[in-house]
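In this text, all values refer to a predicted model and were calculated from it rather than measured experimentally. FYI, side chains are in, hydrogens and waters are out, and symmetry mates aren't considered; it's all heavy atoms of this structure.
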Amino acid sequence: MTAPTKELRSGRIDGREPAVRLDAVSKVYGRELLALDRVTLSVARGEFVCLLGASGCGKSTLLNLVAGLDRATAGTIDTGGARIAMMFQEPALFPWLTVSANIELALRVTSTGAGTTRKQRRARAAELLETVHLGDFGGKRPHELSGGMRQRVALARALAQDADVLLMDEPFGALDAMTRDLLHDELERIWRERGLSVLFVTHNVREAVRLGDRVVLLSSRPGTVIEDYKITLDRPRRTDSGEVTGQAATITDRLKQEVLRHARRAPAASGPDAATGTTPSGGER
Amino acid sequence: MTAPTKELRSGRIDGREPAVRLDAVSKVYGRELLALDRVTLSVARGEFVCLLGASGCGKSTLLNLVAGLDRATAGTIDTGGARIAMMFQEPALFPWLTVSANIELALRVTSTGAGTTRKQRRARAAELLETVHLGDFGGKRPHELSGGMRQRVALARALAQDADVLLMDEPFGALDAMTRDLLHDELERIWRERGLSVLFVTHNVREAVRLGDRVVLLSSRPGTVIEDYKITLDRPRRTDSGEVTGQAATITDRLKQEVLRHARRAPAASGPDAATGTTPSGGER
Amino acid sequence: GGDGGSSGGEAAKTEVRLGFFPNITHSTALVGVKKGFFAKALGSNVTLKTATFNAGPAATEAIFSDAIDATYIGPNPAINAWSKSKGQAIKIIAGAASGGVFLVVKPEINDVADLKGKKIATPQLGNTQDVALRYWLQEKGLKTDTKGGGDVSIVPQENAQTLQTFATGDIDGAWVPEPFASRLVLESKGKILLNESDLWPGNKFVITHLIVRQQFLKEHPDLVKKLIEAHVESTAYINSDPAGAKEAINAELQDLSGKPLKPEVLESAFKNIAFTNDPIASSLVGSADHAVKVGLLDPVDLNGIYDLKILNEVLAAKGEQAVADR
Amino acid sequence: MTADVSQHLAGLDALELSGRERRGLASRVWARAWPMISAIILVLAIWELVVLSGWRPEYVLPGPGTVLADLGHRLGDGEFYAAVAVTMRRAVIGFAIAVLTGLVVGAAVSRVRPLRAAFGSLITGLQTMPSIAWFPLAILLFKLSESAILFVVVLGAAPSIANGLIAGVDYTPPILLRAGHILGLRRLALYRHVILPASLPSFLSGLKQGWAFAWRSLMAGELLVIIAHQTSIGEQLDNARELSDAPGLLATMIVILVIGIVVDMVFGAADNALRRRWGLDQRVG
Amino acid sequence: MTADVSQHLAGLDALELSGRERRGLASRVWARAWPMISAIILVLAIWELVVLSGWRPEYVLPGPGTVLADLGHRLGDGEFYAAVAVTMRRAVIGFAIAVLTGLVVGAAVSRVRPLRAAFGSLITGLQTMPSIAWFPLAILLFKLSESAILFVVVLGAAPSIANGLIAGVDYTPPILLRAGHILGLRRLALYRHVILPASLPSFLSGLKQGWAFAWRSLMAGELLVIIAHQTSIGEQLDNARELSDAPGLLATMIVILVIGIVVDMVFGAADNALRRRWGLDQRVG
Ligand SMILES: Nc1ncnc2c1ncn2[C@@H]1O[C@H](COP(=O)(O)OP(=O)(O)OP(=O)(O)O)[C@@H](O)[C@H]1O
Ligand SMILES: Nc1ncnc2c1ncn2[C@@H]1O[C@H](COP(=O)(O)OP(=O)(O)OP(=O)(O)O)[C@@H](O)[C@H]1O
Ligand SMILES: [Mg+2]
Ligand SMILES: [Mg+2]
């Protein structure tokens, strides 16, 4: 395990102010499951940080802590009062609202949207949908859209919060390759246009390299930062370009090492109820 | 559109007998939705054919026809009495049965397993689970496993049917990149060991190139075969190798052309109920 | 239960199924069963099967469905059973009890005039008591209607509920049979304003009688006769040994449903009821007439509802006076 | 570049969305109606046959002719409509109060954990309490007024309704809760914008069940208090029985059945509409 | 190579599965029990206060002390247990017949489309038929036997149970049907191995609801035929009313409530166990 760099400790990255700063954050579930162990990490303003790690290493836990959905057991999380939006692997749209109403709800609740009229919100929602190329679909219900379209609506909803920090938990994990490629381009464009700070969780090494200014590798059990790669490739990048492939290969090897480390542990095939309550991502409905 | 080659028409591929042969197969849904339009396609014994196409082009429809889950409107499908197994994007395991019992049920129903005792089936199920590296998990319930593990159980269940032909409908679509890579290796090994004929549907061009002896490209609306690429790269291949990337790039360009062709059509944003009942893959639960 | 296969066929019948209510107005049955009069009369070859009911409709349904052969029942259900079956289902073969119906009111009510604007309960819309109250009020010049309107508001409700609503003051009086009349007086300090007997000639009107299925009567007159013999014996016993009868009544009530009457209620109610073999046909016809007059019943032809031939034979054999069927 | 992405996305979107036709209203109504009509004819035929067989005399089991004549007679009588109106008014008012009560109780019990543990099972326990047991209390509280009837109805229906809401709240997808939280919805706002709408399908099935209880309680309760100038269905049912009026009883039963079926259809339609709008057509249940 | 894959898979598997602890039995029971106990104390206290306030005389509304004394008296009496035994026996037998009936009817109606359209709404219509309406038919068919009581109970409960099964069949995930089909399961085998088990959760909730109907019908039905020397709860309830025995009535109500709560807990436990085993803990509903 590498120790956090000096820069990380000071909280400044390339001299930019951090938008999010975690300092020795730990999270214990139940009595003894140490999900995160003294994680120290910063995301600078306008920076795009990808968090990479095998399943169950605590990526979602970390994001939830930053989003305020859960509380850290130890350590401090400082977002400096920034507004935070979040996207999940599932679009998590409200099925009882139309696409436009989903976004309007976000606009209404957000502090900046407090004084707006219904009409203003509707217009703003239409704009946001236009941003994700779904201008024509405001009147549809979420289930009438494809998975990729729904994720774009979720993105529009996140943007509606007019947040400074965008947390993304494997947002494109369930999409097919072609759609994902396109959404990478979209996300990159929006990130740049709005100067967002993004903390992006993924399993997919290529995706991390395609998108991130930095790729932070998390170890498993307990989750700690083991590597922090700076990706300096020019943008726009292409997922299947040689450079991305090359960088990804290096990181993949490191990740595989980490996975292999766990192969030596006996698999948790104890009682029939041992794993009850876990809901591993993907493939389930 | 390219016409089917002479070889395809004769039904023989490289001189091998076809395991599955579709001749001018069409499928109409409802009154006029032409999902497949005179598709002619053969899979030779022991061949690994990947079916690639954008969403909604009729890939699943085609597989369902071959599997006998649905009936063609026109044309003939000849499987020569071969036993057919199938895997879906979801593992589709029975949640009320343990992993082992899921496989035992398959063994029991399959004609070859008719006369076997419970004990024999249990032993066989354990063997099959061993094949997919899940020897220790027979007593678990599906929901206690991760997505990747469940797909491996689904694979073991398909193998339990002792089929000659394996149909796979985006079986790894919901998995993360690393797990998918590993399962590619597994599938390739099993395919070779058992001499299966595989018809593998995917959105993912790299995956198709990684796995297929041939990659058949389907157009959309109506679904017809537009390209039939022969992939001659040596096995084992690596998804992120240069050759796979190169071949994939060619096919991707062709696919993108096909997608762009549809961008000119007005999107189907008619009534609020227009798309009711469609369940686009991915991201929903 | 009456699930025995005996459905009144031609074959020798080994079972007679008799219904009654666990109710003081059905004392003839209670005593007859408790004291074994029925069993004795039927002899060793024929067993008595009893069925108890809470109310008339179930007993009528049971007669109609061939689930019982005979039952003690009140006048209204008997008339209904007769008219609905167009005279095919039943016959009244004996009387059992007379009297025991009172108008009980709050103490501050002293005469008919005080009833104006008051709420009076009856057990059931269109039943004997309901008709009697309406007819009486009509005679006295007070208007009522079947929906609780008019000068006096009549609220049909179950007797058990009447006890509660009288106690809480929701109603001002009730025209009810025993033992509810006695209970209203004893438990809720009600006052008897009127004894229904006073309205009938000879102070007699039917409250309970015995009916049989016509088919049973046709096929097994011998058994019917035995039944009537027991009935007559029971009536005689009640009248000759009231103390023993009361004891038997409460013992049987306890046996059947675990709810014996309180001694004082039993005492008071028993005293108010006359047990007689006379079905008091005139009061049945009179009551039906009243029902027609207050608009609760279409005119029915009660001709032939009685078959008192066997009863009169039995009475004659005992040297008692015959009863009339009109 | 964005233009290109947008084109590609538009192409993918067009492909994903396919209009699946819905049958016309007339044909749907007909498809529902004919089996019902034939079922009715079948039932009537069997009934007539049983009667003709002479199994029981007409005054015990009248034939459909007699009963329908009786029913026809009733339908020609103003009093019948008055009775239906009175009963339906009571049913609707009682049900409405039950809905309110159920909502309040359900909301309180579902959100407050100790209340839940305290009263959760009690609510279902109340469901098994026969209406007759409430009569004394009803009269104690409301004297001989219509409120006493309504009280019995409410006590019959409210538990089901509360239970429906509780189940709905319980199974609100946690991802939606988290999405709401991220949007800044808290407490009452979260309840109003997320939890309540998410509980709607389950609440609806609670309503449907509650109606059955309400109706049965009403039939019993209408014997509790007979109110001036108001005849009701419950009273008619009881009168028919009291008078051993078999045709009248059967005619009243037909009326009750028809009302039950119509109400069921209304609930069914609401349920279908909801499922269609929300895309819940296929759910794991 | 396979060894390597196997190692990696083992590593991933180990990572995906994490034991999440369940609380101990004792602490779970305590967590359920204490709010209940405090609720009971609370209810008793309020009741006592109302009585002490002198709102109604003691013989109309007796205090908890009187009622509990009466209850204690009953509990010390053999007849009480005989009554409970008689009623429970009837309830269980009637419910069992209702379950069988519901299963058969539900199975037939759910699988045969015209039957469905014909009788679907009729089943719910029947649910709203008050028990009293069935009395004449019950006596007609079964004379004065216990069967008549059971008949009323079955007619009360079977519709709910059938409806539960129908709903379960309706919402059987189509993917499981297809998986079963692919395995070679047809008709009865498909029903037995796939559809029935998949309907279990919904069937269970139908059972629970059916119990409430069965119980209420039984309370009414026990007054239909009074079988000598068999006192029952329904009869005791009625007796208490007849005798204006307020403490007896309340004591009997408490008995009914306790039985209802216990039965609910049994169903609840079954439901929980099922959900845990199937991993249905979170479902969209
Ligand atoms: N609410 C919880 N209670 C107990 N343990 C939990 C809880 N949530 C997560 N865990 C455990 O904490 C660890 C980290 O979980 P987390 O979901 O953060 O991992 P992840 O990196 O997001 O995994 P994945 O890639 O599968 O999404 C896992 O072992 C998980 O089982
Ligand atoms: N049962 C059905 N009834 C009507 N239309 C259908 C049905 N099944 C599929 N379709 C339509 O047929 C077309 C082909 O569908 P299919 O599912 O085969 O596509 P696919 O290539 O598998 O798509 P995807 O990549 O999204 O899985 C689509 O337009 C779809 O909407
Ligand atoms: Mg995660
Ligand atoms: Mg598909």
Side-chain angles (χ1 to χ4, degrees), chain B residues 64 67-70 83-98 102 105-111 113 130 132-134 136-137 140-149 152 154 157-158 160-161 163 167 169 176 178-179 181-186 188-189 236 279 284-285, chain E residues 1-20 22 168 171-204 270 273-285:
Chain B
N64 287 344
L69 291 173
D70 206 344
R83 278 190 297 269
I84 294 182
M86 187 164 178
M87 263 180 82
F88 310 93
Q89 175 162 353
E90 300 103 296
L93 300 174
F94 301 122
W96 52 89
L97 297 177
T98 62
N102 262 287
L105 179 62
L107 287 169
R108 182 162 150 199
V109 174
T110 305
S111 50
E130 211 51 76
V132 294
H133 306 289
L134 286 173
D136 294 336
F137 294 86
K140 296 249 172 204
R141 309 232 155 225
H143 75 98
E144 298 177 68
L145 305 183
S146 71
M149 295 162 87
R152 275 142 68 197
R157 186 174 66 175
Q161 291 184 261
L167 306 175
D169 194 353
D176 66 280
M178 193 183 295
T179 308
D181 268 2
L182 291 169
L183 290 193
H184 286 162
D185 296 343
E186 283 294 295
E188 188 169 53
R189 171 178 67 79
T279 39
E284 64 202 305
R285 44 184 60 220
Chain E
M1 181 200 93
T2 313
D4 186 40
V5 170
S6 138
Q7 283 291 303
H8 274 106
L9 281 172
L12 278 175
D13 294 352
L15 280 172
E16 296 264 19
L17 300 180
S18 78
R20 214 169 278 188
R22 256 184 101 198
Y171 296 116
T172 298
I175 186 78
L176 294 186
L177 291 179
R178 289 164 67 207
H181 203 272
I182 285 287
L183 289 183
L185 296 167
R186 295 290 184 282
R187 290 168 188 286
L188 223 69
L190 191 69
Y191 211 87
R192 176 173 153 221
H193 289 297
V194 181
I195 298 172
L196 270 193
S199 316
L200 208 56
S202 168
F203 183 61
L204 202 64
L274 193 76
R275 294 191 170 277
R276 238 193 350 267
R277 271 163 69 106
W278 291 24
L280 281 183
D281 265 339
Q282 306 295 356
R283 60 160 187 178
V284 178

*Give a yes or no on whether E:R192 atom CZ has more than 12 heavy-atom contacts from other residues, nucleotides or ligands under 6.0 Å away.*
no
*Can you tell me how far the NE2 atom of B:H143 sits from the CZ atom of E:R276, to the nearest 0.5 Å?*
9.0 Å
*Let me know if B:L183 has heavy atoms under 4.5 Å from chain E in its side chain, its backbone, both or neither.*
side chain
*Minimum heavy-atom separation for E:L183 to B:A106, with atom names?*
CD2-CB, 3.6 Å
_Between E:G184, E:P197, E:A189, the one whose heavy-atom pairs under 4.5 Å with chain B are most numerous_ = E:P197
*What residues, two or more places apart in sequence or in another chain, satisfy salt bridge (charged side-chain N to carboxylate O under 4.0 Å, His left out) together with B:D181?*
none
_At a 4.5 Å cut-off on heavy atoms, which part of B:I84 comes close to chain E: side chain, backbone, both, or neither?_
backbone
*asked:* Ignoring hydrogens, what is the shortest heavy-atom contact between B:P95 and E:L176? Give both atom names and the distance.
replied: CD-CD1, 4.1 Å
*Mind listing the closest non-hydrogen atom pair of B:Q161 and E:I182 along with its distance?*
NE2-O, 2.9 Å
*Going by heavy atoms in the side chains, are E:I175 and B:Q89 under 4.5 Å from each other?*
no
*Say you draw a straight line from CD of B:E90 to CZ of E:R178; how long is it, rounded to the nearest 0.5 Å?*
8.0 Å
*Smallest separation among heavy atoms of B:R157 and E:A179, with atom names*: NH2-CB, 3.7 Å
*Give the minimum heavy-atom separation between E:H193 and B:W96, together with the two atoms involved.*
O-CZ2, 3.3 Å
